[in-house]
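Chain letters run A, B, ... following the sequence lines, proteins first, then strands; residues in each count from 1.
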Amino acid sequence: MSVKSHPDTTRPSEKSVLKAAELASHSVEVLPDGGLALQLDRGEPLRVKLGIDPTAPDIHLGHTVVLNKLRQFQDEGHRVVLIIGDYTARVGDPSGRSDQRPMLAPEQIDANARTFQEQAFKILDRDRTDVRFNSEWLRMEPEELLGLLARATVARLLEREDFQKRMAAGEPISALELLYPLLQGYDSVAIRSDVELGGTDQKFNLLFARDIQAAYDCPRQTVMTMPILPGVDGVRRMSKSLGNYIGVTDPPDEMFGKVMSIPDENLDEYWGLLLGDEPSPGDPPNLSKRRLASRLVDHFHGESAGTNAEAAFNRVFVDREVPKEIEDYAMDVEETVHLPAALSEAFGISRSEARRIIQQGGVRRDGDVLPADELDYAPSELDGAVIQVGKRRFRRFQSQS
RNA sequence: GGGGGAGUGCCCGAGUGGUUAAAGGGGACCGGCUGUAAACCGGUUGGCUCCGCCUACGUAGGUUCGAAUCCUACCUCCCCCA
């Protein structure tokens, strides 16, 4: 019966529709349909929100998918509000997780937040970014918190797939986790966000925030989800805790190598999500992977860094030569060198592990495999030699001066 | 408040008195292949003064010739009913 005017029925201008489509490139979903174009029609800079969890400090390529998108918004004159979830980090985002995460110590959160920002500004435009900590508004009076809690129902909170799965499997869901979407949603109220970005795994949280905004009589945000980048294993999402990540601060050679280690099947995905491009059709996997690696290294370490990294890669993995830069290991010249002990010290592995590697023929001296049964050497036999463990670990043994 | 279940090596997960340093898988590592740190194949994967010894199956005791496996207490966690 209501005859209220529905803003969604207004037609956005042609120009805004085109612009919105441009901004939506490479995204998975933009909801509600047409919402972004309407917002653009207002002709004012939009407040684009990204909430980050300061649990793992280092930014990796997975994060950059979303950050690049934010940058695109900034380049169009919009403003990014980066929310450091120092308060919500205590709660732990249940998205895509089957277990709870431990709460972090406040000092740890602070430190993580700092490094995160530093690295985020490798991509974001500092002048068009506001950084806010959500403890600023979430550390609220109990009355206010109850008011917030009153605005959601348990059924709505339990709708999310993660919870459904966990309940079906008889796995625990903490009451704290249940609160997470509410708190994150309140962030959107606090900063009056127009658009919020996140990975596809964030869809529930992002949409839930719209409801919270509505409950507080705020204009509802548009949500945009971005694809999740798989890690170097090619299967699970890139994440620091899974150890399958490529960090934006990884040294050039390592970054190059890690990119080379992604499965060939994931090449198109990486090209698309990280470079917004695609490999040349005729290129064999090896070549397009090299190009990808080189461009990424250039991006994070400056022009020609990629070329240098590739040269280093060829040197070690193709020509099987030693790298240019090798760390020294100062060995004791007083007595016989017990190889397992020396390797243990030089490479930070246990002696037992060193023995195993020696036995497997994995230790080389200046390129020649050392015999499996020879464990003791005179210092003179090793002095100045490059000792190699496996394919990629090198140390130059030097007698102490 | 009541009932039930679980705690094993980096992770997951078998194992209910004796060749168990502990199946299997994942991961990681070494090797082979490959002008990829891809794929594929083989091997290794607690520590050490390494052909032997030490430490390990939530914690502390106990039973036993012998325990991850049995008993007692404790700690932690989970599920269901109310």
Side-chain angles (χ1 to χ4, degrees), chain A residues 61 97-102 163 165-177 230-247 250-271 279 283-297 306 309-323 335-345 347-364 367-376 387-394:
Chain A
L61 295 185
R97 294 181 64 90
S98 54
D99 51 354
Q100 299 174 43
R101 58 179 71 181
F163 289 159
K165 276 188 192 152
R166 280 160 70 174
M167 291 212 289
E171 279 163 8
I173 297 166
S174 80
L176 210 50
E177 290 177 282
V232 294
D233 56 15
V235 180
R236 296 171 302 172
R237 58 174 300 148
M238 183 175 285
S239 120
K240 178 151 192 188
S241 56
L242 291 174
N244 62 357
Y245 71 103
I246 303 176
D250 280 350
D253 293 359
E254 200 178 323
M255 188 181 281
F256 193 95
K258 280 186 180 174
V259 175
M260 291 305 286
S261 81
I262 65 169
D264 291 357
E265 299 79 71
N266 296 88
L267 268 171
D268 288 349
E269 211 170 357
Y270 266 64
W271 271 83
D283 287 353
N286 185 315
L287 182 60
S288 48
K289 212 184 278 183
R290 281 166 180 274
R291 291 209 166 126
L292 169 72
S294 185
R295 277 174 63 170
L296 287 172
V297 172
E310 181 161 12
F313 181 86
N314 285 336
R315 189 179 170 89
V316 175
F317 297 104
V318 178
D319 302 329
R320 297 289 183 108
E321 285 175 27
V322 297
E335 45 198 286
T336 327
V337 176
H338 188 59
L339 200 55
L343 293 179
S344 162
E345 264 192 64
F347 294 94
I349 56 181
S350 78
R351 294 186 183 194
S352 297
E353 188 178 356
R355 278 169 191 277
R356 270 183 239 123
I357 298 176
I358 294 167
Q359 240 148 31
Q360 291 174 124
V363 179
R364 291 161 194 270
D368 299 320
V369 176
L370 291 175
D373 49 0
E374 189 65 50
L375 296 183
D376 295 296
I387 301 298
Q388 177 181 2
V389 169
K391 289 186 181 120
R392 35 192 287 234
R393 286 179 284 184
F394 301 86

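A:Gly257 comes within contact range of at least one nucleobase, with a heavy-atom separation under 4.0 Å. Contacts of A:Asp253 with the nucleic acid, taken as non-hydrogen atoms under 4.0 Å apart, include base atoms. A:Asp319 comes within 4.0 angstrom of a nucleotide base, judged by non-hydrogen atoms across all strands. Nucleic acid contact for A:Ile262: sugar-phosphate only, since backbone atoms but no base atoms lie under 4.0 Å from a heavy atom of the residue. Note on A:Arg320: a base of the nucleic acid sits closer than 4.0 angstrom, heavy atoms only. Among the heavy atoms of the strands lying under 4.0 Å from A:Glu254 is at least one base atom, whether or not backbone atoms are also near.
Remark: A:Arg393 CZ to A:Arg364 CZ distance equals 13.5 Å, nearest 0.5 Å.
Under the 4.5 Å side-chain criterion, counting only non-hydrogen atoms from C-beta, A:Val389 is in contact with A:Leu343. Side-chain contact between A:Asn314 and A:Arg290: present, with at least one pair of heavy atoms (C-beta onward) separated by less than 4.5 Å.
Applying the Watson-Crick and G-U wobble criteria (two distances, each under 3.5 Å), B:U55 pairs with nothing in any strand. Judged by Watson-Crick or G-U wobble contacts below 3.5 Å, the nucleotide B:C77 has B:G5 as its partner.
The backbone N or O of A:Ser239 sits less than 3.5 Å from a side-chain atom of A:Asn244, completing a donor-acceptor pair. Between the side chain of A:Ser344 and the backbone N or O of A:Ser350 there is no donor-acceptor pair closer than 3.5 Å. Formation of a donor-acceptor pair under 3.5 Å by the A:Lys289 side chain with backbone atoms of A:Leu267 is not found in this model.
Under 3.5 Å, the side chain of A:Asp233 and the base of B:G27 form no donor-acceptor pair of N or O atoms. Judged by atom type and distance alone, A:Asp264 reaches the base of B:U36 through a side-chain donor-acceptor pair under 3.5 Å.
When each of B:G35, B:C30, B:G31 is scored by its nearest atom to the side-chain atoms of A:Arg364, the top-ranked nucleotide is B:G31. Ranking B:A38, B:G46, B:G43 by closeness to the A:Arg356 side chain, first place goes to B:G46. For A:Ser261, whose side chain is taken as the heavy atoms from C-beta onward, the closest listed nucleotide among B:U36, B:A37, B:G47 is B:A37. If you check B:C29, B:G35, B:A37 against the side chain of A:Phe313, the one that comes closest is B:A37. When the nucleotides B:C48, B:U45, B:C30 are ranked by their closest atom to the side chain of A:Ile357, B:C30 comes out on top. Ranking B:G35, B:U34, B:C30 by closeness to the A:Gln360 side chain, first place goes to B:C30. For A:Arg392, the side-chain atoms get nearest to B:C29 when compared with the rest of B:C29, B:G35, B:U36.
For A:Phe317 and B:U34, the CZ to C1' distance is 14 Å, given to the nearest whole Å. To the nearest angstrom, P of B:C33 lies 10 Å from NZ of A:Lys391. One can place CD1 of A:Ile358 at 13 Å from P of B:C30, the figure rounded to the nearest angstrom. Separating the CD atom of A:Glu353 from the P atom of B:C48 is a distance of 10 Å, rounded to the nearest angstrom. Computed from coordinates, the A:Asn266 CG to B:A37 P distance equals 17 Å when rounded to whole Å.
Atom name P, nucleotides B:A23 and B:U44: the rounded distance is 12 Å, in whole Å. Atom P of B:G1 sits at a distance of 40 Å from the matching atom of B:G18, rounded to the whole Å. When the P atom is used for both B:A67 and B:U20, the distance is 16 Å, rounded to whole Å. Comparing the C1' positions of B:C11 and B:U16 gives an interatomic distance of 24 Å, to the nearest angstrom. B:A38 and B:G9 are spaced 30 Å apart, taking the C1' atom of each and rounding to whole Å. Taking atom C1' in both B:G25 and B:C79, the straight-line distance is 26 Å, to the nearest Å. For B:G31 and B:C77, the P atoms lie 45 Å apart once the distance is rounded to whole Å. Spacing of C1' atoms, B:A37 relative to B:G58, comes out at 39 Å, to the nearest Å.
The phosphate of B:G46 (OP1 or OP2) has no side-chain N or O of A:Ser352 nearer than 4.0 angstrom. Put simply, A:Arg355 has a side-chain N or O that comes within less than 4.0 Å of OP1 or OP2 on B:C50. A close approach under 4.0 Å does not occur between any side-chain nitrogen or oxygen of A:Ser350 and OP1 or OP2 of B:G46.
The shortest non-hydrogen separation linking A:Pro340 to A:Arg355 is CG-CG, 3.8 Å.
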